[in-house]
Amino acid sequence: MKIYIGSDEAGFEMKGEIIGFLKTNNYDVVDCGCYDKNPVLYPEVATDLSEKVAADAGSRGILICGTGIGMAMAANKVKGIRAAVCHDILSVERSVLSNNAQIMCMGARIIAPFTALKFVELWLGLTFKDGSSTPKVKAITDYESKHIG
């Protein structure tokens, strides 16, 4: 599975730890920035990564900023993307199982790197299955297809 990963300066160090974990576990990793601790506009990182995930069926994305909130807001502007802020086990699980999210967003100022690695490991092992949430996800995609780009 190809994993696109990106951060702003607040998430730069955590991104490096996650990249190491992903490579150790034989994931195909694409670093979408930022590449140092200098300030960047996180929406540019988020939308670039999201466009790549949207165009690459079966891939997933990980975005990290201070809280995860801004990255999620920017990522969700890209047609076809469902990005979720994941700060606890329930949000990690439900992001995929209930919402079929392709992108997880985390806050480096909210969760510890060790916890983030555990969340990534859990998240990558989850798969959306047709069920009671399918009509809800379809309602999101139907709205998007009628009203967005």
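Ion pair Lys52/Asp56 not flagged as a salt bridge, since none of the NZ, NE, NH1 or NH2 atoms sits closer than 4.0 Å to an Asp/Glu carboxylate oxygen.
Around NZ of Lys79, the count of heavy atoms belonging to other residues, nucleotides or ligands within 6.0 Å exceeds 12. Ile140 CD1: more than 12 foreign heavy atoms inside a 6.0 Å radius.
For residues 88-146, the set of pairs meeting the ring pair (Phe, Tyr, Trp, His ring centres under 6.0 Å) definition, not counting sequence neighbours, comprises Tyr143-His147.
A side-chain N or O of Ser91 and one of Asp88 form a donor-acceptor pair less than 3.5 Å apart.
Residues Phe12 and Tyr35 come closest through the heavy atom pair CE1-C, 3.4 Å. Among all heavy-atom pairs drawn from Ile5 and Ile64, the shortest one is CD1-CD1, 4.3 Å. Of all heavy-atom pairs between Ala10 and Gly66, the closest is CB-N, 3.7 Å. The heavy-atom pair separating Ile69 from Cys65 by the smallest distance is N-SG, 4.1 Å. When all heavy atoms are compared, the tightest approach of Gly68 to Val85 is O-CG2, 3.6 Å. Ile103 and Ala75 get closest at one heavy-atom pair: CD1-CB, 4.4 Å.
Evaluated for a side-chain contact (heavy atoms from CB on, under 4.5 Å) with Tyr4, the options Ile62, Val53, Leu63 yield exactly one hit, Val53.
Between atom CD of residue Glu93 and atom SG of residue Cys86 there is a gap of 10.5 Å, rounded to the nearest 0.5 Å. Atom CG in Leu117 sits 6.0 Å away from atom CD in Glu17 (nearest 0.5 Å). The distance from the CE atom of Met106 to the OG1 atom of Thr115 is 10.0 Å, given to the nearest 0.5 Å. With values rounded to the nearest 0.5 angstrom, Ser7 atom OG is found 10.0 Å from Met14 atom CE. Between atom CZ of residue Arg82 and atom CG of residue Asn99 there is a gap of 8.5 Å, rounded to the nearest 0.5 Å. The line from SG of Cys34 to NZ of Lys15 is 5.5 Å long, rounded to the nearest 0.5 Å.
The shortest side-chain heavy-atom distance between Arg60 and Met104 does not fall under the 4.5 Å cut-off. No side-chain heavy atom of Lys118 sits under 4.5 Å from any side-chain heavy atom of Leu122. Looking at heavy atoms from C-beta onward, Ile18 lies out of side-chain contact with Ile3 at the 4.5 angstrom threshold. Residues Glu9 and Val40 are in side-chain contact: their nearest non-hydrogen atoms beyond the backbone lie under 4.5 Å apart. At a threshold of 4.5 Å between non-hydrogen side-chain atoms, the residues Asn100 and Thr134 do not count as touching.
Under a 3.5 Å cut-off, the side chain of Asp142 and the backbone N or O of Ser145 do not form any donor-acceptor pair. Checking side-chain atoms of Asn76 against main-chain N and O of Ala72 turns up a donor-acceptor pair under 3.5 Å. A donor-acceptor distance shorter than 3.5 angstrom exists from the side chain of Gln102 to the backbone of Gly80, with no hydrogens or angles considered.
In the hydrophobic cluster analysis, where Ile, Leu, Val, Met, Phe, Trp and Tyr join through side-chain heavy atoms closer than 4.5 angstrom, Ile81 is grouped apart from Val92. Under a hydrophobic-cluster definition in which Ile, Leu, Val, Met, Phe, Trp and Tyr are linked whenever side-chain heavy atoms come within less than 4.5 Å, directly or via other members, Ile148 and Met73 are assigned to different clusters. Under the 4.5 Å side-chain contact rule for hydrophobic residues, Ile19 and Ile111 share a cluster. Grouping the Ile, Leu, Val, Met, Phe, Trp and Tyr side chains by contacts below 4.5 angstrom, directly or via other members, places Phe21 with Leu126. Linking ILVMFWY residues whenever their side-chain heavy atoms come closer than 4.5 Å, directly or via other members, places Val120 and Leu97 in the same cluster.
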Given Asn25 and Leu124, is the side chain to side chain contact (heavy atoms under 4.5 Å, CB included) satisfied, shown in steps?
CA-CA 11 Å; Asn25 288 282; Leu124 291 173; over 6 Å; no
